[in-house]
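Worksheet: the structure to be examined is printed underneath.
Values reported hereafter were calculated over all heavy atoms of this structure, with side chains retained and with hydrogens, waters and symmetry mates removed. Values in this document were obtained by computation on a predicted structure and should not be read as measured data. One-based numbering, in listed order, for ligands and for the atoms of each.
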Amino acid sequence: MRGDREWLFDLDNTLYPPETGLFGAVDARINEFLARHLGLDARAADALRGRYHDEYGITLVGLMEEHGTEPHHYLDFVHAVPVGDFLRADAGLRALVAALPGRCSIFTNGSRRHALAVLAALGLDGLFSEIFDIVALGFRPKPEPATYRAVLERLGAAPACAVLLDDLERNLAPARDLGMRTVLVGARGPSPAADFAIGSLRELPAILPQLLA
Ligand SMILES: [Mg+2]
C-alpha cells in the first residue's frame, strides 16, 4: 500500500545540478560580501567560511554572531544573481515532482526569495506547499537537529513518513537519526550516510517503490 509522504527537498544543487553554475555564482557572491564588508581576500574568505561552516553551520550565522551582520542585507546580496541565466524550465522534473504521492516542501539554508526564483526558473511553481528557508528556520540551519524536528512539527508529520533529498551528506545525517528516509542527490555511488543515493532527481522514480515500502 502506498502511503503519502512529506517530501522535503533541499534547493541548491539538489533541484538543479552543480553544473548549471548557479550555486557557484552564489558562492562567488558570498566571497564578494566578505571582501567588501570584512576586507578579506579569497584565501582568507575561504578560511573564515570553513570555520563558520564548522561552528555555525553556514556563513550567515557566523557573520550574525561575530559581526552583527543584518541577515536580509546579506541574503539579498549573495542571492543577487540572474537565476534565469543559469536554469531552464524542466518539464520532466515538473512531471516527476507532481507525480510524487504526498506533499512537497523546500527545506533550504538559503532565502525564500532565492527559492522562489529557482522554482520559477525551473517551471516548478505551485508544486511546493511550504518553503522552509533560513528565516523560517529561525537562522538555525541544517544540519542542526532541532531544525529538522521543528520542520516536521510544522508539517504535522511523523519522521517515518518524511523523505529528505539533499546533495550534502552532512545535511542528511540528522534526518536519518530522526527516522526520516534520506536520499543523497548528485551521488557518484552508494553513500553510507543515506538510505538511497542517486545521481540526479531523474533517478527518483526508479527508487520510488523502495522509498514508499
Ligand atoms: Mg544543497
Side-chain angles (χ1 to χ4, degrees), residues 6-31 33 46 49-50 52-54 56-62 71 74-75 78-81 83 86-88 90 93 96-97 100 104-122 124 127-128 130-137 139-145 147-148 150-152 162-178 180-189 191-204 207:
E6 293 286 351
W7 300 89
L8 289 164
F9 286 84
D10 170 50
L11 188 85
D12 295 303
N13 290 349
T14 293
L15 279 187
Y16 63 85
E19 298 77 55
T20 58
L22 174 56
F23 198 64
V26 174
D27 198 74
R29 291 287 291 171
I30 295 175
N31 276 7
F33 186 94
D46 283 343
R49 289 177 66 178
Y52 282 175
H53 207 249
D54 294 342
Y56 302 104
I58 55 172
T59 302
L60 169 59
V61 177
Y74 172 89
L75 289 169
V78 304
H79 287 129
V81 292
V83 173
F86 295 92
L87 303 179
R88 285 187 186 173
D90 186 338
L93 181 61
L96 186 157
V97 173
L100 292 173
C104 296
S105 300
I106 298 293
F107 182 15
T108 175
N109 285 343
S111 75
R112 179 181 180 85
R113 212 168 89 178
H114 177 62
L116 289 172
V118 168
L119 294 178
L122 290 172
L124 300 178
L127 292 182
F128 295 88
E130 301 286 341
I131 295 176
F132 298 101
D133 76 338
I134 189 61
V135 179
L137 300 177
F139 299 102
R140 300 175 78 179
K142 294 179 283 184
E144 196 168 314
T147 287
Y148 297 71
V151 165
L152 290 176
V163 180
L164 176 64
L165 303 101
D166 201 298
D167 65 294
L168 296 180
E169 287 181 331
R170 77 172 200 152
N171 288 347
L172 293 172
R176 208 181 188 193
D177 291 344
L178 271 177
M180 295 167 68
R181 294 290 180 97
T182 52
V183 181
L184 181 68
V185 180
R188 292 205 181 86
S191 162
D195 299 313
F196 301 90
I198 54 180
S200 85
L201 289 179
R202 297 273 170 223
E203 296 165 34
L204 187 55
I207 60 165

For F196 and L165, what are the C-alpha separation, side-chain angles and deciding distance, and is it a side-chain contact (heavy atoms from CB on, under 4.5 Å)?
-> CA-CA 9 Å; F196 301 90; L165 303 101; over 6 Å; no
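D12 lies close to the Mg ion (ligand 1), since one of its N, O or S atoms is found at a distance under 2.8 Å.
Distances from the Mg ion (ligand 1) to the N/O/S atoms of D10 are shortest for OD2. Restricting D167 to its N/O/S atoms, the shortest distance to the Mg ion (ligand 1) is reached by OD1.
In this model, no donor atom of one side chain and acceptor atom of the other lie less than 3.5 Å apart for D166 and T14. Residues R170 and H53 bring a donor and an acceptor atom of their side chains to less than 3.5 Å of each other.
Ring to ring, F107 and F9 are not that close: their centroids are 6.0 angstrom or more apart.
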